Protein chains: 2
Amino acid sequence: MPITISDVAREAGVSTSTVSKVLNNWTTISPATVDRVKHAIHKLNYTPNSRAVSFARQTTQNIVFLTSLGKNEAYHNPHMFDIMCGVNSILAKNNYTLSLVDIFNDSYQGESVTRVMAQKCADGMVIHGSAISKEIADLITKQQFPHILIGHPGFETQLCWIDTNHVLAGQAAAEYLISNNYGDVAFIGGKKTDHISMQRLKGFLGTMHSYGYLVSPEKILYTNSSREESYEATIRLLELKKSPSAIVCESNTIALGTARAIEKMKLEVPKDIAFLTFDAYPYSEIIDPKPTVIDINVYDMGIQAGIMLLRKMENPALQIQTYTTLPVVNAGKTT
Amino acid sequence: MPITISDVAREAGVSTSTVSKVLNNWTTISPATVDRVKHAIHKLNYTPNSRAVSFARQTTQNIVFLTSLGKNEAYHNPHMFDIMCGVNSILAKNNYTLSLVDIFNDSYQGESVTRVMAQKCADGMVIHGSAISKEIADLITKQQFPHILIGHPGFETQLCWIDTNHVLAGQAAAEYLISNNYGDVAFIGGKKTDHISMQRLKGFLGTMHSYGYLVSPEKILYTNSSREESYEATIRLLELKKSPSAIVCESNTIALGTARAIEKMKLEVPKDIAFLTFDAYPYSEIIDPKPTVIDINVYDMGIQAGIMLLRKMENPALQIQTYTTLPVVNAGKTT
DNA sequence: CTGAAAGCGCTTACAG
DNA sequence: CTGAAAGCGCTTACAG
């Protein structure tokens, strides 16, 4: 019932090889033939069967997005889906499809990965950080399967990866404050063991220092990232005899506590004090007073990851290990 | 290089047909042969090439999740991804893959849908409400392509759909209050044109009435769903000479305003007043005082959708148009 | 119980 | 510039 390449060939009075060549834009076909074939295609409203094409070409034009989907993943980790959307957009542009593979219910390490590679149901793999382990990394590198890992792996590996650069985001916060003439700043972070928090702090302090602003230790506070502790921390800061003119919060939850404290002290943002936080999600929209947000565009990171994977598939020798980031400063505006 | 069915056949000393039959659990093969073939498969570590299988079988074992992915979709609409995860889980269990198709960049109505159907890259389609239109509905019903739509379409159609039942959620709220002996209740909704809000209100009032509790009109308030209006509305309610003993908010944003007002009036939850909201997402976790949450399990709805689609694919004559819902009452506990 | 053969719908050397 | 033919790796009537 469905139209095949043979129907088109018959209609155009040529062989299927010729139709195929027209379909694939070979330059060796005479313009007249191309025309006839195109007419036939149009007339019959023919679309190649993608399964047959992929099978004959020994390529799937499909990429797997490998991840671990816990309960409520969509709410707890919307960033992952934003990345996925970015990946999907660039793949679609390049005529690749994206399929979702969840390793959460794997009965042993590497079950899904092995299956994907053995069954040849994808030409490449985008691996979310939640789905990586030493075992899986080994499987992939051993097979030399085209891949890109989102997020720095926690271990030594030959994998290709891409990650956000929190140091740069910290720098962006500092630069924003400096360019707005805030020199006396404070930073409320998470625990000292919180990697992201420390990276942001590092970038922040580094830039402040490089511009000649010294941040005294009493203005760098560490918390358990709860609203309560950050409320207390902010109050302490604001009660200093030389209280800061700007407060940078390392997370949205911290910013919630800080906002309460700012309100409690009856300070106005930005007149009395500058108020910054990292990440637009999940609460920046409803924090009152509204903070300036340093956000990271992970959708764009997904696009970058997709581009790199496509490049790797063209050129398997390519090694990619890189940081990417586009910190965006959003000064109290609603998106 | 990769092992094929012929390698296995040679190793086992049988024909490829026989290997195929063993692979597909035909009962006509002698146990001895089955054994030999299985040994060969094991020895060579053979996995069938899924592309070849799907091509020979004329089936893809793939389902498309059709949606429209705007910017920041992951943050604005995490429910959609939760549904997708539910769909994916049930499909994976049934050996189907799920691939994501975004119609956002389609240059004309139905472009992606037509392609998916013509190229035969999927056996069926789960369509998110954001991706449906009259044109697309027509294309799908004309082709009789197996599908299930998430969300009630806004128009008359032959499509199969599944949707949440907000009336039931409203009932759940009422039942919770009644069983906890709150009879004098108030409801703060969105605009009267807000379909979901009105459905919830309808279920809520219906159940209250059926239990003999009458809710006076002055205790049913409509707002623009902003924190500001709901704050005002709540203050007004609490200043009534006969103020309600329970307030039901139709959304998280409304609940934010109500929480502020409750705090302002120095009332305690649940001692002085009961405080309910619909939806766990996005803010229920940080609303202070903590509301009781009536949530809907859309992950489960995804599972239901997947099951129905699989049934439709087995039995194309099946018509499905149904409401589903699992309202979950979560009284002030953190998940 | 087993196997030879056709077929799924394309692509691609290769020959002409 | 064009086409016959082999091939991609399976499945499945059909014959025996």
Side-chain angles (χ1 to χ4, degrees), chain A residues 1-41 44-62 95 115-123, chain B residues 1-41 44-62 95 115-123:
Chain A
M1 194 63 191
I3 311 293
T4 69
I5 199 172
S6 314
D7 298 319
V8 176
R10 200 175 315 115
E11 174 75 26
V14 298
S15 72
T16 59
S17 327
T18 303
V19 176
S20 175
K21 284 164 191 164
V22 171
L23 248 18
N24 294 289
N25 299 311
W26 287 34
T27 50
T28 58
I29 310 292
S30 75
T33 309
V34 170
D35 254 26
R36 257 186 312 144
V37 171
K38 287 199 167 166
H39 273 123
I41 288 174
L44 300 178
N45 193 222
Y46 166 73
T47 317
N49 179 321
S50 64
R51 243 177 349 208
V53 173
S54 98
F55 184 54
R57 280 208 192 117
Q58 294 290 87
T59 156
T60 63
Q61 294 293 112
N62 181 232
N95 289 312
R115 182 166 33 75
V116 167
M117 296 192 299
Q119 294 184 172
K120 307 186 193 333
C121 36
D123 302 334
Chain B
M1 193 64 187
I3 312 291
T4 71
I5 199 171
S6 314
D7 299 318
V8 176
R10 198 174 317 117
E11 174 75 26
V14 297
S15 72
T16 59
S17 328
T18 302
V19 176
S20 174
K21 285 164 189 163
V22 172
L23 249 19
N24 294 289
N25 299 311
W26 286 35
T27 51
T28 58
I29 310 292
S30 75
T33 309
V34 170
D35 255 25
R36 254 187 313 142
V37 171
K38 287 200 167 166
H39 272 124
I41 288 174
L44 300 178
N45 193 222
Y46 166 72
T47 317
N49 180 321
S50 64
R51 246 177 348 209
V53 173
S54 98
F55 183 56
R57 279 208 194 118
Q58 293 291 86
T59 157
T60 64
Q61 294 292 113
N62 181 233
N95 289 313
R115 182 166 32 76
V116 167
M117 295 191 301
Q119 295 184 171
K120 308 187 192 335
C121 36
D123 302 332

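In the text below, chain A, chain B and the rest are named by the order of the sequence lines, each starting its count at 1. Here the structure is a predicted model, which means the values were calculated and not measured.
At whole-Å resolution of the value, NZ in A:Lys120 and P in D:dC10 are 9 Å apart. In this structure, B:Asn49 places its CG atom 17 Å from P of D:dG7, rounding to the nearest Å. In this structure, the CZ atom of A:Phe55 is 13 Å from the C1' atom of D:dA6, given to the nearest Å. Distance CD (B:Gln119) to P (C:dC10): 11 Å, rounded to an integer number of Å. When the C1' atom of D:dT11 is taken as reference, atom CZ of B:Arg57 falls 8 Å away, rounded to whole Å. Atom CH2 in A:Trp26 sits about 7 Å away from atom P in C:dA13, given to the nearest Å. Atom C1' of nucleotide C:dC10 and atom CD1 of A:Ile5 are separated by 6 Å, given to the nearest angstrom. Taking atom CG of residue B:Asp7 and atom P of nucleotide D:dC10, one finds them 9 Å apart after rounding to whole Å.
Taking only side-chain nitrogens and oxygens, B:Tyr46 comes nearer than 4.0 Å to OP1 or OP2 of D:dC10. Residue B:Gln58 places at least one side-chain N or O closer than 4.0 Å to OP1 or OP2 of C:dG9.
Checked by atom type and distance alone, the side chain of A:Asn62 never pairs as donor or acceptor with a backbone atom of A:Ala122 at under 3.5 Å. For the pair B:Ser50 (side chain) and A:Gln119 (backbone), a donor-acceptor distance under 3.5 Å is present.
Proximity of A:Val22 to A:Val8: side-chain heavy atoms (C-beta onward) are nowhere separated by under 4.5 Å.
Contacts between residues 28-40 of chain A and DNA chain C, defined by a heavy-atom separation under 4.0 Å, are absent. Of the residues in residues 15-24 of chain A, those with a non-hydrogen atom less than 4.0 angstrom from any atom of DNA chain D are A:Ser15, A:Ser17, A:Thr18, A:Lys21.
To the nearest 0.5 Å, the span separating OG1 on A:Thr59 from CG on A:Asp123 amounts to 3.5 Å. Here the OG1 atom belonging to B:Thr47 is positioned 9.5 Å from the CG atom belonging to B:Leu23, to the nearest 0.5 angstrom. The OG1 atom of B:Thr4 sits 9.5 Å away from the CG atom of B:Leu44 when rounded to the nearest 0.5 Å.
Closest approach of B:Asn24 and B:Arg57 over heavy atoms only: OD1-NH2, 2.7 Å. Annotation for A:Gly13 and A:Arg36: closest pair O-NH1, 4.1 Å, computed over non-hydrogen atoms.
Ionic pairing of A:Lys38 and A:Asp35 is not present here: no N-O contact between side-chain nitrogen and carboxylate oxygen is shorter than 4.0 angstrom.
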Working note: A:Ser54 + B:Arg51, criterion side-chain contact (heavy atoms from CB on, under 4.5 Å); need CA distance, chi angles, decisive distance, verdict. CA-CA 8 Å; A:Ser54 98; B:Arg51 246 177 348 209; 3.4 Å; yes
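Between B:Ile29 and the options B:Val19, B:Val37, B:Thr18, a side chain to side chain contact (heavy atoms under 4.5 Å, CB included) holds for only B:Thr18.
In DNA chain C, consecutive stretches of 3 or more Watson-Crick or G-U wobble pairs with both distances under 3.5 Å are given as paired ranges: C:1-3 with D:14-16, C:5-12 with D:5-12, C:14-16 with D:1-3.
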